[in-house]
K.L.:
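Quick one: structure below, then a few questions.
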Amino acid sequence: MTEEAKHLPVRDDLKDLHPYGAPQLDVPVQLNTNENPYAPSAALQQAIAGAVAGVAGTLNRYPDRDATDLRKDLADYLGHDLTAASTWAANGSNEIIQQLLQAFGGPGRTALGFEPSYSMHPLISTVTCTQWLAAARDADYGMSTAAEQVKRHQPDVVFITSPNNPTGTSVPLDLIAAVYDAAPGMVVVDEAYAEFRRDGTPSALTLLPGRPRLVVTRTMSKAFAAAGTRLGYLAADPAVIDALLLVRLPYHLSTVTQAVARAALAHKEEPLATVQALRKGRDELVTWLRGNSLTVADSDANFVLFGVFGDRDAVWQGLLDRGVLIRNTGPAGWLRVTVGTPEETAAFKAALTEVLAL
Ligand SMILES: *Cc1c(COP(=O)(O)O)cnc(C)c1O
């Protein structure tokens with residue numbers, strides 16, 4: 001927090017925190033926040049504009065508080081016999097995570113995650129007065145000791161990110177089931193990158209039946225090429241959603257957001273076709289990096305974690321000097337690059353070749 005803010009009567013437990021801050025720099029090649037690089041087509045832009053025009057005349061009224069039509073569309077997209085009642089939506093999956101922690105975490109409670117993982121899980125935990133417990137991963141970023149650690153710590157909320165950010169690795173379902181059995185509280189599987197997973201990697205959605213404490217979160221920010229829409233969602237037992245109704249703000253999801261998200265879902269073939277291209281680009285990028293003697297974590301996501309550098313800041317800056325912004329995050333010595341268009345990936349490779357003199 002800034003010195004100026006510290007002079008205000010702000011909560012003591014916030015004083016040493018830093019706000020989420022992936023740099024938003026205006027550079028030609030932006031491969032730092034795992035967005036889908038393909039902008040909506042002219043046809044999809046038309047559909048979105050039409051959807052907004054269709055609700056513009058109703059904006060004097062509050063939105064559908066329960067976003068029932070949108071939740072039905074999301075359930076249909078997910079499949080697995082889900083319904084509007086077993087699906088919930090909010091302004092990005094970050095808000096979903098916040099609502100989950102407000103309902104199931106809070107003062108005197110704990111949340112546990114396996115690091116390195118998504119930095120917002122500990123930050124939102126802390127901000128909701130939920131004590132964060134950092135559990136460990138294996139050396140190859142697997143989670144073979146996860147159930148044991150959960151049994152030992154007895155957390156109220158467990159986060160499992162699969163595919164994980166920033167490593168890209170996914171977690172086998174039997175391991176998630178074992179964590180569920182060991183956990184006394186909620187188990188949240190953050191599947192923000194689910195659509196990018198390699199063939200044969202199942203989703204935790206298949207584990208939902210008979211597990212009322214299990215939650216699977218998703219987002220339209222990554223595969224759906226809709227980061228600007230701010231739409232995250234979850235699938236869970238309907239009773240979980242009953243609990244969230246207590247903490248969500250009334251009318252949290254605007255009429256415009258609901259309309260835009262539904263228009264994007266109605267045209268899902270378009271973003272999902274780009275997902276296929278991005279998965280292929282990811283696998284090619286992994287092969288190229290390994291071919292150049294770099295270490296690369298297996299990735300089921302739309303980004304790749306690579307290293308290991310003695311001075312990763314210098315590599316990051318060298319790329320930025322050449323107009324390529326990637327993310328300086330993850331374990332010491334590693335960098336994370338989002339898979340872009342073929343042109344963007346070529347620019348990244350050319351810049352990295354220069355910086356490392358490969
Ligand atoms: C990007 C990301 C999210 C998502 O965010 P939104 O708020 O839906 O944009 C959630 N979890 C993980 C692991 C992510 O990387």
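No hydrogens, no waters, no symmetry mates; every other heavy atom, side chains included, goes into these values. In each ligand, atom 1 is the first atom listed, and ligand 1 is the first ligand listed.
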K.L.:
Side chain or backbone of Asn94 under 4.0 Å from ligand 1, or both, or neither, by non-hydrogen atoms?
P.N.:
both

K.L.:
Before accepting this row, confirm whether a basic side-chain N of the pair Lys15/Asp12 lies closer than 4.0 Å to the acidic partner's carboxylate O.
P.N.:
yes

K.L.:
Report, as yes or no, whether the 6.0 Å neighbourhood of atom CD on Glu269 holds more than 12 heavy atoms from other residues, nucleotides or ligands.
P.N.:
yes

K.L.:
Atom 5 (O) of ligand 1: which protein heavy atom is closest, and how many Å away?
P.N.:
Ser93 OG, 3.3 Å

K.L.:
At a 4.0 Å threshold, what atoms of ligand 1 neighbour a non-hydrogen atom of Ser221?
P.N.:
6 (P), 8 (O), 9 (O)

K.L.:
What protein heavy atom sits nearest atom 15 (O) of ligand 1, and how far off is it?
P.N.:
Tyr193 OH, 2.6 Å

K.L.:
Any carboxylate oxygen within less than 4.0 angstrom of a Lys/Arg side-chain nitrogen, looking at Arg218 and Glu195?
P.N.:
yes

K.L.:
What protein heavy atom sits nearest atom 11 (N) of ligand 1, and how far away is it?
P.N.:
Asp190 OD2, 2.7 Å

K.L.:
Can a cation-pi geometry be assigned to Arg213 and Tyr180, taking NZ or CZ under 6.0 Å from the six-membered ring centre and within 45° of the ring axis?
P.N.:
yes

K.L.:
Looking only at protein heavy atoms, which one is nearest to atom 14 (C) of ligand 1, and what is the separation?
P.N.:
Lys222 NZ, 3.2 Å

K.L.:
Tell me, yes or no, whether the heavy-atom count around Gln46 atom CD, taken from other residues, nucleotides or ligands under 6.0 Å, exceeds 12.
P.N.:
no

K.L.:
Which ligand 1 atoms are under 4.0 Å away from a heavy-atom of Gly92?
P.N.:
6 (P), 7 (O), 8 (O)

K.L.:
List every atom of ligand 1 that sits less than 4.0 Å from any heavy atom of Thr161, numbering the atoms from 1 in the order shown and giving each element.
P.N.:
13 (C)

K.L.:
So does Asn60 have more than 12 non-hydrogen atoms from other groups sitting under 6.0 Å from CG?
P.N.:
yes

K.L.:
In the protein, what heavy atom is nearest to atom 7 (O) of ligand 1, and what distance, to one decimal place, separates them?
P.N.:
Arg230 NH2, 2.8 Å

K.L.:
Is Arg262 salt-bridged to Asp76, going by a charged N under 4.0 Å from an acidic O?
P.N.:
no

